Amino acid sequence: MGIGPYGYSYNERMVYLEYAIELRGITKRFGPVVANDGIDLGLARGEILALLGENGSGKTTLMNMLAGIYLPDEGRILADGRPISIRSPRDAYAHGIGMIHQHYKLVDVFTAAENIVLGMEGEKKLDIKKANARVREICERYGFDIDPEKKVYDMSVSEKQTVEIVKVLYRSAEILILDEPTAVLTPQETDRLFAILRKMREDNKAIVIITHKLNEVMAISDKVAVLRKGKYIGTVNTAETDPHALTDMMVGRSVTLNIDRPLNPDRAERLRVSGLTVFDHEHVKKLDGVGFTALGGEILGVAGIAGSGQKELLEAIAGLCPVARGSITYLPPEGGADELVGRTPMQIRKKGVSLAFIPEDRLGMGLVGSMGMTGNMMLRSWRRGSGPFVKRKQPRDLANKVLNDLEVVTPGIEFPVRKLSGGNVQKVLVGREIASSPSVLMTAYAVRGLDINTSYTIYNLMTEQKMKGTAVIFVGEDLDVLLELCDRILVLCGGKVSGVVDARTATKEEIGLLMTSVGGKEGA
Amino acid sequence: MAESIKAPLIRLEKRGENGLNPAAVWGIRLGSIAAALLLGCVAILLTGNNPIKAYGTMINGALGTAVYRQQTIKRAIPLLGCALAIAPCFKMRFWNIGAEGQITAGALAATFVARTCTGKLPSLPLLLLMALAAMVLGGLWGLIPGFFKAKWNTNETLFTLMMNYIIIGVVAWLQAGPWEAKQGRIAHFEEAAELPLVAGIHCGWIIVLALVLFMHVYMRHTKHGYEIAVIGDSLRTAQYAGMNVGRIMMRTMFLSGAISGLVGFIIASGTSHTLSREIAGGVGFTSITVAWLSQLNAFAMVAISLLLGILSKGAATLQTVMNVPVAISDIITGLLLFCMLGSEFFINYRLILRKKRGGKEARK
């Protein structure tokens with residue numbers, strides 16, 4: 001590699017040799033959105049760097065440029081002081097960079113070893129025995145527990161992640177990037193992963209872990225680099241900082257949540273669930289004898305590790321997923337009792353049980369991406385009125401009301417909601433659900449991916465509903481929020497209720513424990 | 001240049017929220033038609049002819065005289081009707097490629113009525129009864145795959161395609177068997193069973209223009225149209241909103257088949273005056289092109305079906321006058337489809353060529 005074409009000076013080269021990889025002035029735009037704005041970052045060998053930032057702060061985008069998924073619009077990447085260009089994942093591997101993506105990229109019907117060697121250039125004939133042996137060797141070295149001949153479809157999430165990590169190590173990566181590796185792991189699995197990461201650090205590898213969980217940052221990293229809204233805020237030594245300071249860097253101001261939590265004195269039983277058991281398409285038991293009551297005039301939080309049955313619980317109540325056993329009884333404010341199991345979503349909806357269900361893919365359910373706000377408001381009312389024609393005036397008025405009340409940022413109420421930002425999409429959905437004055441309002445991950453201000457807007461809306469006497473069921477992932485927003489918290493673990501706690505007195509540790517262990521006592 | 005990084009020569013970027021202005025969008029679309037016609041020149045050159053002369057002959061052959069124009073419109077009528085029929089299916093992302101069979105089914109039913117009721121009924125009730133029978137059988141022919149899709153989630157593409165061959169086989173049997181008049185042909189209709197002429201063309205043109213209005217209103221302003229649009233966008237959202245997706249699918253497929261059946265009636269009664277296994281003549285497939293090029297807009301379908309009508313009539317003339325294979329019109333149609341669909345890509349994305357110097361300049 002000659003010096004001429006790149007023209008860096010000798011001194012410059014010396015200065016940056018301490019980094020295995022260095023990013024300088026990296027900018028990436030997606031259309032008008034600046035995802036990364038002139039970011040400088042260095043990754044050193046034998047060091048774990050936590051890349052911290054809120055959802056949407058540009059962490060994954062930045063690392064994807066190292067992994068060869070995206071190409072930076074501006075700026076340059078230096079490897080051991082020399083400028084390089086990474087135009088494909090293959091280039092990335094050639095430079096010793098391997099990324100473990102948040103969504104695993106594995107072939108289900110292949111074994112671990114087959115997945116690991118997939119896409120590698122080598123001899124014409126694949127020697128799977130040799131590959132198996134090499135996989136075993138890597139596993140022994142770092143303490144992975146994985147059978148190279150096991151098929152991916154038989155694996156747990158944690159095993160799949162292990163395969164991804166081994167895949168990267170198999171390609172002799174010296175720089176490992178892990179994108180939110182703990183999001184799907186239990187605490188024990190997380191501990192095991194961290195032990196492996198430490199071993200790799202001893203092996204003089206440069207490790208980046210993308211996360212927005214502060215406790216993990218403190219537990220595992222040597223340095224923390226913080227991004228905020230696509231901008232690089234700074235890097236600090238983990239030993240010299242604390243979660244409070246990091247939060248300040250991350251959100252730009254100190255966050256004491258201070259969610260307003262008035263007590264509604266008029267609470268009444270609104271929904272009684274008992275013995276609810278649900279199987280998914282693959283006949284896997286997702287809910288196992290779940291029972292609880294939801295009161296009008298309170299926010300019932302639902303906590304649990306991702307995939308503990310939260311989605312199925314809400315869908316079963318809304319009539320969107322078949323119930324194997326158990327009952328869901330709706331107790332209307334005007335008296336009486338209605339069994340919801342066996343009713344269609346429309347019948348349930350008409351009773352006032354509203355699902356503002358916001359799954360991972362917001363537009364996948366609840367909204368019509370190609371339509372504007374008016375069309376989406378119509379999803380509630382399109383059947384109204386006699387005759388074959390839809391009435392647009394009322395939904396249009398509602399769209400304008402939501403637009404003003406929730407400050408939705410959109411070029412117009414007919415602008416396709418697909419093209420709006422996540423927060424605005426959320427506002428459209430929640431605004432519509434609340435407008436129908438439900439007596440039970442269910443939300444899942446209502447604030448995922450939203451900025452702080454929008455999140456507070458959503459919290460306030462939930463509380464407003466609660467004070468009106470609505471039974472709010474709030475499935476959340478951030479325990480701090482659950483503890484400050486809800487009245488009671490129901491904890492799910494492996495499809496079972498592991499406990500119901502009073503959110504005013506419970507501690508984070510208490511809930512954390514319930515999330516990972518079935519058989520806790522029924523509280524509150 | 002110190003700050004340069006090697007970028008690929010061409011990169012893609014999604015256009016921003018507001019995208020291109022409408023004028024530019026239409027500029028790109030018109031440009032794509034021009035590009036298709038230019039590429040068509042190459043095909044004509046390969047046949048050893050002068051492209052300009054050939055295009056001239058085609059235009060003259062399609063639009064030169066009143067009779068030519070009538071013939072061109074006659075070709076456009078079934079294309080337009082059938083494109084309107086499949087539009088709601090495509091909007092719903094139900095890939096109905098069985099319009100060919102649904103047309104044939106409609107023509108079969110119309111012919112049955114014409115054979116059994118001619119002489120017993122006056123012309124107008126006879127025609128109405130033929131149309132009704134055509135719509136019912138066409139509708140049923142569409143409903144069958146719709147039913148299986150709704151109940152067991154069968155693949156509608158294969159199913160509708162196979163249904164084409166079944167009904168065409170039935171007609172082939174009738175043609176050579178029970179209904180045979182002579183030499184494997186079915187007898188022509190009596191005059192009472194033929195569509196009357198209006199302005200020199202059978203009155204099918206009035207029917208399809210009425211259908212344009214109907215379909216526009218149906219898709220944009222009715223509850224049914226709304227349901228179809230929601231299902232097409234997200235099945236989960238439709239279920240969430242309490243829509244009975246299976247029923248809507250079956251209903252839409254019946255409607256689509258019924259309109260295709262009506263087109264079959266128009267072809268049988270207006271143009272061919274008999275039934276044969278080739279009665280649909282590929283209209284069911286070409287209309288997919290029409291629907292797609294029009295982006296399911298009912299009014300745009302009028303223009304596109306006329307354009308394809310001009311191409312096919314022009315190519316027929318080209319064959320007789322200059323001895324150029326008639327397939328040339330298919331080539332140009334294909335190029336049109338290719339270029340016009342391809343142009344959507346440039347409307348949604350823009351290409352970024354590698355800058356000669358990257359880095360600092362770009363950052364300003």
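Not measured: the values here are computed from a predicted model. Numbered from 1 within each chain, the chains take letters A, B, ... in sequence-line order.
- Here the closest non-hydrogen pair linking Arg236(B) and Glu315(A) is NH2-OE2, 2.9 Å.
- Between atom OH of residue Tyr226(B) and atom CE of residue Met371(A) there is a gap of 5.0 Å, rounded to the nearest 0.5 Å.
- The backbone N or O of Val368(A) lies less than 3.5 Å from no partner atom in the side chain of Ser234(B), so there is not a single donor-acceptor pair.
- The shortest distance between side-chain heavy atoms of Val390(A) and Glu227(B) does not fall below 4.5 Å.
- Within a 6.0 Å sphere centred on CZ of Phe338(B), other residues, nucleotides and ligands contribute 12 heavy atoms or fewer.
- Looking only at distances, no side-chain donor or acceptor of Thr222(B) sits under 3.5 Å from a matching main-chain atom of Phe389(A).
- Neither the backbone nor the side chain of Ala238(B) comes within contact range of chain A, judged by heavy atoms closer than 4.5 Å.
- The main-chain N or O of Leu320(A) is never found under 3.5 Å from a side-chain atom of Tyr240(B) such that the two would form a donor-acceptor pair.
- Contacts between Ser370(A) and chain B at a heavy-atom distance below 4.5 Å involve backbone atoms as well as side-chain atoms.
- Under a 3.5 Å cut-off, the side chain of Lys223(B) and the backbone N or O of Lys391(A) do not form any donor-acceptor pair.
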